[in-house]
Enquirer: 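I'd like to ask some things about the structure below.
Reckoned from all heavy atoms, side chains included, excluding hydrogens, waters and symmetry mates.
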Amino acid sequence: MPELPEVETTRRGIEPHILGHEIQGLIVRQDRLRWPVPPRLENRLRGQRILRVERRAKYLLLQTGTGTLLIHLGMSGSLRVLPPGTPPGPHDHIDLVFQHCCLRLRDPRRFGAVLWTSEAVAGHALLRHLGPEPLGQEFNGEWLYRLARRRHGPVKNFIMDGKVVVGVGNIYASESLFHAGIHPHRPCNRISLNRYHRLVEEIRRVLISAIRQGGTSLRDFQREDGRPGYFAQELQVYGRERQPCPRCGQPIRQRRIGQRSSYFCSHCQR
DNA sequence: AAATTCTCCTGAAGGC
DNA sequence: TGCCTTCAGGAGAATT
């Protein structure tokens with residue numbers, strides 16, 4: 001499921017194909033995504049050039065001269081760059097058509113979104129209240145420690161909260177906490193500043209490493225050229241219940257924390 | 001205010 | 001073989 005590394009992998013993959021190119025058309029086969037695709041969106045897009053291909057949190061932002069197309073991959077979405085006219089398969093809901101290629105959104109579960117704003121994109125309702133980027137400067141141990149003072153929920157939920165830090169989803173939350181040696185269920189206000197420094201370091205390390213591997217493909221995710229990401233083979237705990245902990249050999253445990261499956265080693269993580 | 005629950009959706013997996 | 005139930009999950013919205 002697309003988390004920050006998958007979205008960044010996608011951004012880097014599509015950018016060279018579409019940057020500076022003119023949008024010829026938009027084909028919407030299914031407009032019922034998480035929110036309805038805006039009606040008559042093609043009229044706004046046709047003739048516009050892609051001026052920037054950016055990412056904020058898990059949103060892809062395709063900036064044109066008149067506004068920005070926001071794309072979210074939800075949990076099963078992927079974007080591919082295909083030759084124009086390639087016949088669509090199941091769940092290929094939307095094509096952004098260029099002269100030389102077609103950018104195609106496939107999203108079996110339709111939790112993704114395609115939206116438009118003609119205002120400054122940072123002020124959009126979906127982006128306005130987001131926390132810092134995990135790979136940016138203002139995300140650090142002090143930030144986490146300070147926010148955690150007035151909370152008490154499990155640290156895993158804490159770092160998956162987009163107001164605390166963006167882009168850390170279920171897979172990378174479990175992985176980062178394992179590397180930091182912190183139990184996912186530990187109350188976030190019972191963690192020292194030093195351990196938060198370490199956690200920030202591990203979140204960054206895991207995300208950067210996953211980006212380098214092209215993300216994690218468990219089921220639906222594929223890169224813009226159809227290849228999978230290869231970080232799944234680096235996963236230490238996610239999806240590995242009952243298998244031996246890579247560090248101490250005791251069985252990895254699975255437990256639901258905040259409605260999400262969480263994986264951890266109860267010996268190595270405290 | 002923070003925490004919890006609900007909601008959208010499809011496909012895989014398990015039970016009988 | 002086939003039909004049913006259950007589960008997975010991003011994250012905003014609604015509720016407690």
Side-chain angles (χ1 to χ4, degrees), chain A residues 1-11 28-37 55-61 70-79 88-94 105-115 117 123-134 144-176 184-191 207 210 215-222 229 231-232 235 237-242 254-263:
Chain A
M1 4 8 269
E3 301 183 26
L4 186 145
E6 290 73 34
V7 179
E8 180 60 23
T9 294
T10 299
R11 190 198 71 74
V28 180
R29 299 181 196 84
Q30 168 64 271
D31 67 357
R32 291 172 53 238
L33 302 183
R34 165 122 206 225
W35 295 283
V37 177
R55 178 191 57 76
R56 171 72 174 112
K58 299 176 190 172
Y59 291 91
L60 284 165
L61 310 174
L70 289 80
I71 302 175
H72 197 289
L73 299 178
M75 66 160 289
S76 62
S78 58
L79 284 172
H91 313 300
D92 285 342
H93 303 313
I94 292 176
L105 174 69
R106 171 177 295 178
D107 185 7
R109 301 202 180 165
R110 291 200 260 136
F111 283 4
V114 174
L115 298 170
T117 179
H124 192 278
L126 291 171
L127 306 187
R128 202 179 335 172
H129 302 293
L130 290 175
E133 289 286 328
L144 283 185
Y145 183 79
R146 187 159 56 77
L147 281 186
R149 290 316 86 199
R150 48 197 166 88
R151 295 195 181 213
H152 57 270
V155 62
K156 176 160 179 278
N157 299 356
F158 181 60
I159 61 171
M160 287 177 67
D161 182 339
K163 292 192 282 299
V164 175
V165 59
V166 300
V168 181
N170 201 40
I171 295 175
Y172 299 113
S174 276
E175 292 297 304
S176 303
H185 201 258
R186 171 169 285 273
C188 63
N189 59 354
R190 295 280 185 273
I191 294 173
L207 294 178
T216 302
S217 294
L218 291 180
R219 186 170 302 162
D220 299 295
F221 179 70
Q222 48 182 328
F231 193 72
L235 296 177
V237 291
Y238 184 85
R240 303 179 68 90
E241 71 272 23
R242 295 187 299 278
Q254 177 184 17
R255 177 170 166 186
R256 288 185 81 76
I257 300 176
Q259 316 297 94
R260 292 287 180 269
S261 278
S262 307
Y263 302 86

Enquirer: Is there side-chain contact between A/Leu79 and A/Leu60, with heavy atoms separated by less than 4.5 Å?
Expert: yes

Enquirer: Closest to the A/Glu3 side chain: C/dG12, C/dA8, C/dG10?
Expert: C/dG10

Enquirer: Tell me which of A/His91 and A/Gly153 sits closer to the 5' end of DNA chain B, going by the nucleotide each one is nearest to.
Expert: A/Gly153

Enquirer: Ignoring hydrogens and angles, does a donor from either the side chain of A/Arg150 or the base of B/dA1 sit under 3.5 Å from an acceptor on the other?
Expert: no

Enquirer: So do the side chains of A/Val168 and A/Asp161 get within less than 4.5 Å of each other, counting heavy atoms only?
Expert: no

Enquirer: Tell me which nucleotide among B/dC9, C/dA8, B/dT4 gets nearest to the side chain of A/Asn157.
Expert: B/dT4

Enquirer: Can you figure out which of B/dT10, B/dA2, C/dG9 approaches the side chain of A/Tyr238 most closely?
Expert: C/dG9

Enquirer: Contact class for A/Leu126 (heavy atom, under 4.0 Å): base, sugar-phosphate, or nothing?
Expert: sugar-phosphate

Enquirer: Just how far, in rounded Å, is P of C/dG9 from OH of A/Tyr172?
Expert: 14 Å

Enquirer: Expressed as a whole number of angstroms, how long is the span from A/Lys58:NZ to C/dG12:C1'?
Expert: 13 Å

Enquirer: Under 4.0 Å: is that the gap between some side-chain N or O of A/Gln259 and OP1 or OP2 of C/dG9?
Expert: no

Enquirer: Strictly distance-based, threshold 3.5 Å: is any side-chain N or O of A/Ser78 a donor or acceptor partner for the main-chain N or O of A/Phe221?
Expert: no

Enquirer: How far apart are the closest heavy atoms of A/Ser262 and A/Ser174, and which atoms are they?
Expert: CA-OG, 3.9 Å

Enquirer: Take atom NZ of A/Lys163 and atom P of B/dA2, then tell me their distance rounded to the nearest Å.
Expert: 8 Å

Enquirer: Take atom CZ of A/Arg34 and atom C1' of B/dC6, then tell me their distance rounded to the nearest Å.
Expert: 11 Å

Enquirer: Taking the six-membered ring for Trp, does A/Phe111 stack with C/dG10 (centroid gap under 5.5 Å, planes within less than 30°)?
Expert: yes

Enquirer: Could you check how far CG of A/Asp107 sits from C1' of B/dC9, rounded to whole Å?
Expert: 9 Å

Enquirer: Taking atom C1' of B/dA2 as reference, at what distance in whole Å does atom CD1 of A/Ile159 sit?
Expert: 18 Å

Enquirer: What does A/Ser76 touch in the nucleic acid at a heavy-atom separation under 4.0 angstrom: a base, only the sugar-phosphate, or nothing?
Expert: nothing

Enquirer: Of the nucleotides C/dG9, C/dG12, C/dA8, which one has an atom closest to the side chain of A/Met75?
Expert: C/dG9

Enquirer: Let's see if you can work this out: which of B/dA2, C/dG12, C/dA11 has an atom nearest to the side-chain heavy atoms of A/Arg151?
Expert: B/dA2

Enquirer: To the side chain of A/Arg109, which of C/dG10, B/dA2, B/dT10 is closest?
Expert: B/dT10

Enquirer: What's the CE-P distance between A/Met160 and B/dA2, to the nearest Å?
Expert: 18 Å

Enquirer: Answer with yes or no whether A/Arg260 presents, from its side chain, a donor or acceptor under 3.5 Å of a partner atom in the base of C/dG10.
Expert: yes

Enquirer: Go through B/dA2, C/dG10, B/dC9 for me and flag the one nearest to the A/His72 side chain.
Expert: C/dG10

Enquirer: Rounded to whole angstroms, how far apart are NZ on A/Lys156 and P on C/dA11?
Expert: 13 Å

Enquirer: Treating A/Gln30 as the side-chain partner and A/Arg32 as the backbone partner, does any N or O pair qualify as donor plus acceptor under 3.5 Å?
Expert: yes

Enquirer: What's A/Gly74 touching, base or sugar-phosphate or nothing? Going by heavy atoms closer than 4.0 Å.
Expert: sugar-phosphate

Enquirer: Answer with base, sugar-phosphate or nothing: what part of the nucleic acid does A/Tyr59 contact at a heavy-atom distance below 4.0 Å?
Expert: sugar-phosphate

Enquirer: Is there a donor-acceptor contact under 3.5 Å from the side chain of A/Asn189 to the main chain of A/Arg151?
Expert: yes

